[in-house]
Amino acid sequence: METNRSNIGALIGGAVLIAIGLLSLAGQVFHSLNWGFLWPFIVIGIGALFFVAMFAGGKQTAAFAIPGSIISGIGLILLFQNITGHWESMSYFWALILVSVGVGIYIMGWYGGEETQKQSGLRVAKIGLILFVIFGVFFEMIFSSLSNIVFPVLLIALGAYLVLTRSGLLRGKKNKSAADDILPPAN
């Protein structure tokens, strides 16, 4: 069992050295290579190393899928933001890290043959996706160019709805007790 762990360590260490060597060689050969664009691939590659360790170690190392998916997911998020330049999206993209955790738990269950872990992973991923959509809609409405019109209109509509439902106008009957609550008692 110890030889298996030392083999995994040597495999990961060797892969890291190869990756660093390839990056250094590419930097020397391709001077026009845009490293400002490519740096998220380093993060994705580090996450991929955890999957290499998982597959090299067998079923007892299935838990490597969780940090592998988290780190790879963060790398993909950073790559997207680096390509688009929309760094404000991190205000809700953090929810995709929860999705990555769920994916990692699912992969761990799939590789280890545990159905309950697969189901747990799917639940966590669904929660992350729901949070991503909720926060994405909210923050994009505040920060997007449409927010000049859409967000104030939604605030007005919500306020009107609250006023109308509180006054009873939407229910079709007048709420006389609401006016009585506002006026002080007469002497």
Side-chain angles (χ1 to χ4, degrees), residues 1 4-5 7-20 22-23 34-147 150-151 153-155 157-158:
M1 184 120 170
N4 193 14
R5 287 185 182 169
N7 288 341
I8 292 172
L11 181 65
I12 291 174
V16 167
L17 290 175
I18 290 171
I20 291 171
L22 286 173
L23 288 173
N34 185 2
W35 290 105
F37 172 74
L38 294 176
W39 68 268
F41 285 107
I42 296 170
V43 179
I44 295 169
I46 292 170
L49 289 176
F50 281 92
F51 287 107
V52 169
M54 180 188 79
F55 288 117
K59 290 190 180 209
Q60 70 268 14
T61 60
F64 276 122
I66 297 172
S69 65
I70 293 170
I71 295 170
S72 297
I74 290 172
L76 289 171
I77 290 169
L78 293 172
L79 179 64
F80 171 80
Q81 291 176 334
N82 204 23
I83 290 171
T84 63
H86 189 56
W87 292 94
E88 301 87 14
S89 63
M90 197 58 188
S91 62
Y92 57 92
F93 265 44
W94 60 267
L96 292 178
I97 297 171
L98 291 175
V99 174
S100 297
V101 171
V103 168
I105 294 171
Y106 181 85
I107 292 171
M108 180 177 71
W110 166 76
Y111 191 66
E114 294 287 332
E115 189 63 34
T116 56
Q117 287 178 343
K118 286 171 51 176
Q119 292 171 356
S120 296
L122 286 177
R123 277 194 301 269
V124 171
K126 284 179 188 177
I127 291 169
L129 282 174
I130 290 168
L131 289 173
F132 174 72
V133 169
I134 290 170
F135 284 106
V137 167
F138 178 74
F139 283 114
E140 284 300 322
M141 283 180 23
I142 289 175
F143 296 122
S144 74
S145 60
L146 290 178
S147 68
V150 175
F151 190 65
V153 169
L154 285 176
L155 287 177
L158 179 63

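Computed from heavy atoms alone, side chains included, the values below leave out hydrogens, waters and symmetry copies.
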Undergrad: Within the structure provided, determine whether V124 and V99 are in side-chain contact (heavy-atom separation under 4.5 Å).
TA: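 V124 vs V99: side chains apart.
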
Undergrad: Given the rule in the ring-ring contact (aromatic ring centres under 6.0 Å, His included) test, do Y111 and F55 qualify, once you have shown the distances and angles that lead to the verdict?
TA: CA-CA 9 Å; Y111 191 66; F55 288 117; 5.1 Å; yes

Undergrad: Say you draw a straight line from CD of E114 to CD of Q119; how long is it, rounded to the nearest 0.5 Å?
TA: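 Nearest 0.5 Å value for the CD-CD distance: 11.0 Å.
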
Undergrad: Just so I know, are the side chains of I107 and M54 near enough to count as touching, which here means a heavy-atom distance under 4.5 Å?
TA: yes

Undergrad: Does the side chain of S72 reach to within under 4.5 Å of the side chain of F50, using non-hydrogen atoms?
TA: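 Result no, sub-4.5 Å side-chain heavy-atom pair not found.
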
Undergrad: Do the non-hydrogen side-chain atoms of L79 and W39 ever get within less than 4.5 Å of each other?
TA: no

Undergrad: Would you indicate whether the side-chain heavy atoms of V101 and Y106 approach each other to under 4.5 Å?
TA: no

Undergrad: Atom CD1 of I42 and atom CG of L78: how far apart are they, to the nearest 0.5 Å?
TA: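 The CD1 atom of I42 sits 11.5 Å away from the CG atom of L78.
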
Undergrad: Looking at every non-hydrogen atom in both residues, tell me the closest pair between I97 and M90 and how far apart they are.
TA: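 In this case the closest contact between I97 and M90 is CD1-CE, 4.5 Å.
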
Undergrad: Supply the atom-to-atom distance I105 CD1 to I70 CD1, rounded to the nearest 0.5 angstrom.
TA: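 The distance works out to 8.0 Å.
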
Undergrad: For the CD1 atom of I77 and the CG atom of L96, what is their distance to the nearest 0.5 Å?
TA: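 Between I77 CD1 and L96 CG, I get 4.5 Å after rounding to 0.5 Å.
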
Undergrad: Are any of the side-chain heavy atoms of W87 and N82 separated by less than 4.5 Å?
TA: yes

Undergrad: Answer with yes or no after comparing the ring centroid distance for F64 and F51 against a 6.0 Å cut-off, counting only values under it.
TA: no

Undergrad: Can you tell me which residue among Q117, K118, R123 is in a side chain to side chain donor-acceptor pair (under 3.5 Å) with S120?
TA: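 The single option meeting the side chain to side chain donor-acceptor pair (under 3.5 Å) with S120 is R123.
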
Undergrad: Determine the minimum heavy-atom distance between A62 and G112, stating which atoms define it.
TA: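 Of all heavy-atom pairs spanning A62 and G112, the closest is CB-N, 4.2 Å.
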
Undergrad: About how many Å separate CD1 of I134 and CG of L129, when rounded to the nearest 0.5 Å?
TA: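 Answer rounded to 0.5 Å: 11.0 Å.
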
Undergrad: Is any side-chain heavy atom of F135 closer than 4.5 Å to one of F93?
TA: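 No; the side chains remain at least 4.5 Å from each other.
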
Undergrad: Tell me the closest heavy-atom pair linking V103 and S69, and the distance in Å.
TA: C-OG, 4.3 Å

Undergrad: If I compare all heavy atoms of G73 with all of S100, which pair ends up nearest, and what's the gap?
TA: CA-OG, 3.6 Å

Undergrad: Taking all atoms of both residues into account, what is the closest heavy-atom pair of A53 and T61, and its distance?
TA: O-OG1, 3.6 Å

